[in-house]
Amino acid sequence: MKQTGKTLQSASNSYSYKPVSDAFFHGPTLSLARNLLGCLLVKETEEGIASGFIVETEAYRGPLDRAAHSYNNRRTKRTEVMFAEPGRVYTYLMHTHCLVNVVSGEEGLPEAVLIRAVEPYDGIDLMMERRGEMPMKNLTSGPGKLTKALGIHMIDYGRRFDEPPLFIAHGFTPEKIAVGPRIGIPNSGEAKDYPWRFWVEGNPYVSR
DNA sequence: CGGACGATTCTCT
DNA sequence: GAGAATCGTCCGG
């Protein structure tokens, strides 16, 4: 199913960090979830820069989506940023892990895209320091793993994704995108079957 | 103020 | 595959 394809990095030689413009974040959430694949997720800290190509995303669609934190327009301290304009950072804590989302949907429509996996690109040594020595394929192949590797924390909540220190940069268009149901939401009724998970087919860093 | 609950990960078996 | 770890958020009392 996976673990067999070539990496994105091997498809070309060099990338520059060109943050996307604000316009990138406007439009349907399912489109944004697809468009984020192949983009770079970049985090700058005092320790240095770390980045990776986004290879897996999930869409969470506000009021209608029982699996979304903002289901039924539930507005709390945690979900507040989901109601803001698209392109903001929505971080939240899951057990002991921080998960990162790109806010989508125009102001007042609380949708978001969860970044579930990246392929390490820049700062791999730094990522290893943060995660501990381990096989490359385990470094960033999950939503909690990648935030730790890149140094993304709750301090990033509410920031914008089109400027440092945490931003999305242009990468390239993946060859083939696979689609399926989202992961880890068994108690969300029908919503658990919605095909709102997207990943780069064959990429070894996809979470599963 | 207490209790239930995860958009997870890691460690076994 | 199953089970534990582990803690902020949210909601009810």
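Keep in mind that this is a model prediction, so the values were computed, not measured. Chain A is the first sequence line, chain B the second, and so forth, proteins listed ahead of strands; every chain is numbered from 1.
- For A:Leu146 and B:dT9, the CG to C1' distance is 13 Å, given to the nearest whole Å.
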- DNA chain B in dot-bracket, Watson-Crick or G-U pairs under 3.5 Å, [ ] crossing, | other strand? ||||||.|||||.
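- Identified under the side-chain hydrogen bond (donor to acceptor under 3.5 Å, both in side chains) test for residues 66-75 of chain A, with sequence neighbours left out: A:His69-A:Tyr90, A:Arg75-A:Glu80.
- A donor-acceptor pair under 3.5 Å is formed between the side chain of A:Ser51 and the backbone N or O of A:Asp122.
- Note: CZ (A:Arg208) to P (B:dT9) measures 8 Å, nearest angstrom.
- Side chains of A:Val81 and A:Val89 form no contact here, defined as non-hydrogen atoms less than 4.5 Å apart.
- A:Phe24 and A:Val103 sit in two unconnected hydrophobic clusters of ILVMFWY residues. Membership requires side-chain heavy atoms under 4.5 Å apart, directly or through other members.
- In this structure A:Glu85 satisfies the salt bridge (charged side-chain N to carboxylate O under 4.0 Å, His left out) test together with A:Arg88, A:Arg160, sequence neighbours excluded.
- Residues forming a side-chain hydrogen bond (donor to acceptor under 3.5 Å, both in side chains) with A:Thr57 (at least two apart in sequence, or on another chain): none.
- Contact check, A:Asn187 against B:dC5: no side-chain N or O comes under 4.0 Å of OP1 or OP2.
- Not a single salt bridge (charged side-chain N to carboxylate O under 4.0 Å, His left out) links A:Arg131 to another residue, sequence neighbours left out.
- The distance from atom CG of A:Asn101 to atom P of B:dA7 is 11 Å, rounded to the nearest whole Å.
- Qualifying salt bridge (charged side-chain N to carboxylate O under 4.0 Å, His left out) partners for A:Lys77, counting only residues two or more places apart in sequence or in other chains: none.
- Among the protein residues, A:Arg182 comes within range of no part of the nucleic acid, since none of its heavy atoms lies under 4.0 Å from any strand.
- In this structure A:Lys145 satisfies the salt bridge (charged side-chain N to carboxylate O under 4.0 Å, His left out) test with no other residue, sequence neighbours excluded.
- Checked against a 6.0 Å centroid threshold, the rings of A:Phe167 and A:Phe161 do not count as neighbours.
- Considering only heavy atoms from C-beta on, A:Val179 stays 4.5 Å or farther from A:Trp196 through its side chain.
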Exercise answer: donor-acceptor pairs, residues 146-155 of chain A side-chain atoms, under 3.5 Å, sequence neighbours excluded:
{"residue": "A:Thr147", "atom": "OG1", "partner": "A:Cys98", "partner atom": "O", "Å": "2.6"}
{"residue": "A:Thr147", "atom": "OG1", "partner": "A:Gly144", "partner atom": "O", "Å": "3.0"}

Under 3.5 Å between N/O atoms: give me all the protein pairs with nucleotides 10-13 of chain B, atom names plus distance.
{"residue": "B:dC10", "atom": "OP1", "partner": "A:Arg131", "partner atom": "NH1", "Å": "2.8"}
{"residue": "B:dC10", "atom": "OP1", "partner": "A:Arg131", "partner atom": "NH2", "Å": "3.3"}

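- Of the residues in residues 56-71 of chain A, none has a non-hydrogen atom less than 4.0 angstrom from any atom of DNA chain C.
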- Base versus backbone protein contacts along nucleotides 2-13 of chain C [heavy-atom cut-off under 4.0 Å; B, S, -]: ---BB-SSSS--
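- Pairs of residues two or more places apart, or lying in two chains, that qualify as salt bridge (Lys or Arg N to Asp or Glu O under 4.0 Å) and include a residue from residues 38-51 of chain A are A:Lys43-A:Asp156, A:Glu47-A:Arg130.
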